[in-house]
Each structure stands twice: as C-alpha cells, then as structure tokens.
There are 2 protein chains.
Amino acid sequence: MIDAGERVAPTGEGVSLGGLETTVGFLLRLAQVAVFKDLLAALKPFDLRVTDLSVLLVIEATPGLHQRAIGDVLRIQRPNLVTIIDQLEARRLVRRGPVADDRRAYALRLTSEGEALLREAKVAHAEHGRKVLDALGDLEPERMLAALERIAAL
Amino acid sequence: MIDAGERVAPTGEGVSLGGLETTVGFLLRLAQVAVFKDLLAALKPFDLRVTDLSVLLVIEATPGLHQRAIGDVLRIQRPNLVTIIDQLEARRLVRRGPVADDRRAYALRLTSEGEALLREAKVAHAEHGRKVLDALGDLEPERMLAALERIAAL
DNA sequence: TATTGTTATACTCTATAACTATA
DNA sequence: TATAGTTATAGAGTATAACAATA
C-alpha cells in the first residue's frame, strides 16, 4: 500500500485534477481564458478591451442602433454599457446621435476616427483569430462553432 | 440605397453581431458561461460553487496535498484560496492537518462529511456532464477536449 | 404604464504587495 | 534567502434597484 498522504509534492506538478482534466467544462474555461488573454494582448496597441472591440463591431454592423440593442446581443447589462459607451465617446470613437422619433434613445455610430481605429484593430483581431483556428488542428471550425452554439444554448 | 440609419430595432432582435457570431472566441465565452451556469445550478442543493467542487475533487484525488498545489493545478492565486479553504473547513468538509516535516504548510484532506457531500455532488456533476456531452452532438468528446487543450495552450 | 438611459451600489472573481513563521 | 500561508486591498466584471425623461 502506498502512503501518498504525507509525501505529496508541494507544488502542483504531477498532482491529479481528479477527473477535471477530461471534463469539457474545465477545459472550456481554460480555453476561454487563454483566448481572451491573447486577444486582449493583441488589442493592447489600440487600448481596447475585448468588450470594446465587440461593441465597435456591433455598431459598425448596424449604424444607428440603440444602446439597448447592443446590450441585448452582447449580453451586457444596460447600466454597464453606459460606462463603456461613455469611454468610447470620450475617445471620439463613437457618437451618441439623436433618434428622430424617440428622444429617450441615442443612435450610436462610429466616428471616422472610430472607423479608422477599428480598421486597424480588425487586422489584429483577424491575426488572433487565425491563431485560434490553427489550434483547432484537425477539427473543422464549423463543427466547433456548431458544438459551442449548442452548449451555449444549454 | 438603404437608409438603415434611423430605422433600427430598439431591441437586439435581428441586429448583427458584426462577424462575432462565427468567431471561436465569442462562442467559446457564451458556451463557458452557459456551462458554469448549468453546473452552478446543479450544485445549488449542496451549496457548492464550481470552484468549491473543483477543490474538493483535487483534494480527494491527492489527499494530504498543500494549498499551494491546489492553486497551481486549478490556477487559483494563493491568497484567494485561503478564503475558499476557510469556508470548506468551517463547514467541516475539509481538514487542515499538520505536515510532518514542514510546519509552514497544511496537509489538506476531506473529512468523512466532505467525502459524503462530494459523493452526492459528483452524481449531480456527472448528470450535468452528460448534458454537456449531449450538446456536442456528432463531435467526438476526445476531439473537443484535444482542441480545447490546444487553445488553452495558446 | 412601459421604456431608454442613467445613477448608485453591491457582489463576485481575480490580482498584487507585504507580513509571519517557518525552512 | 526562499517558501507556505495569510492579510489587506484593489481592480475587473457583472448584477439589481430606482430615478428622470420620454413614449
């Protein structure tokens, strides 16, 4: 009988994860943290966080949309979006314009500065994206995306 | 020419994600959030968070290990682990025992209460795990795990 | 009444510096 | 000197309640 009790390595080297290592959830988290870390580093030169890039992309895709709509698609609470837009607006990347028939809401658009920065950020984003796709190896991206979508709909 | 500008749905329905929807990173995050949410709900009856379960599993797999080792394998900062172990110990699920040749460190073990609770929690965890595997559909779990591992090593 | 954006606030997670007691 | 655990603290990220202006 092996007395593993008092002869354990102080660091985690060789210590078992107790089954967690073959769990989708655990590896999903490690992968997500790694991807966000890599993207954050890629966006560093533009002083953008992952969320900032997402917001800019959504505004670019649908100019004039309300803050509410961004929160809906990106799953950001409305109160938290206020600060994000405040910062982007302070940097003159985004403009809060008037909405013709609703004076409560803002029509969000990229400024030309915002468009210019996003153009560059998208290059870095694409490069990051290629790294992630490379990591998929023999797994087809479409199958990965489909699986992740189904998991997200749990 | 279509003037999409001022005719935008206030809610996010039908609003484009600007390419994010076909991005591994974005879906990875949605999937991870969904999995943790589902697991947290599954662990609710045991008053355990996802991290608590992970810690219990690691201690069970290697009884007597140091706090340091848990932090290493689960990527939890040592200061943050203190509170987690404090709470588990206060609930008499875990014991901080002495280490024979090092009076700075603790040998962590499950109490019998901890073993009993973990036994039940593992059933719920397994059921949750099956739901996640089902969501993989035609994608073989091993291929998913391998891909996630490579992404995590970015 | 309901909704948009806002303010204030709180809670969780994560991160860092510095201390203690040992090694 | 270095290490294990600890304390204190700070920073993200995320969440809810309530308000003003407007619909």
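The model shown is predicted, which means the values in this text are computed figures rather than measured ones. In what follows, chains are A, B, ... by sequence order, proteins preceding strands, each numbered from 1. Atoms considered below: every heavy atom in the structure, side chains included; atoms not considered: hydrogens, waters and symmetry mates.
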Report which part of the nucleic acid B:Gln77 touches: base, sugar-phosphate, or nothing (heavy-atom distance under 4.0 Å, all strands). base
Please examine the side chains of B:Leu28 and B:Thr23, heavy atoms only from C-beta on, and report whether any two atoms are closer than 4.5 Å. no
When all nucleic acid strands are considered with a 4.0 Å heavy-atom cut-off, which category describes A:Arg68: base, sugar-phosphate, or nothing? sugar-phosphate
To the nearest 10 degrees, how far apart in direction are the end axes of the helix from C:dT1-D:dA23 to C:dA23-D:dT1, each fit to five base pairs? 10°
More than 12 heavy atoms from other groups under 6.0 Å of CZ on B:Arg92: no
Among A:Arg119, A:Lys122, A:Glu115, whose side chain to side chain contact (heavy atoms under 4.5 Å, CB included) with A:Glu60 holds? A:Lys122
Rounded interatomic separation in angstrom, taking OH from A:Tyr106 and P from C:dT6: 5 Å
Does A:Asp52 pair with A:Arg49 as a salt bridge, N-O distance under 4.0 Å? yes
Tell me which nucleotide among C:dT6, D:dT7, D:dA4 gets nearest to the side chain of A:Val82. C:dT6
OG1-CG distance between A:Thr111 and A:Leu93, expressed to the nearest 0.5 angstrom: 5.5 Å
What's A:Asp102 touching, base or sugar-phosphate or nothing? Going by heavy atoms closer than 4.0 Å. sugar-phosphate
Name the nucleic acid region contacted by A:Arg75, choosing base, sugar-phosphate or nothing; use a 4.0 angstrom heavy-atom cut-off, strictly under. nothing
From CZ of B:Arg104 over to C1' of D:dA4, roughly how many Å is that when rounded to an integer? 6 Å
Out of D:dT6, C:dT7, D:dA23, which has the shortest distance to the side chain of A:Pro79? C:dT7
Minimum-distance nucleotide to B:Arg78 side chain [options: D:dT6, C:dT14, C:dT4]: D:dT6
Using whole Å, what does the distance between atom C1' of nucleotide D:dG11 and atom CG of B:Asn80 come to? 12 Å
For B:Glu140 and A:Arg143, the nearest pair of non-hydrogen atoms, with its separation, is OE1-NH2, 3.4 Å
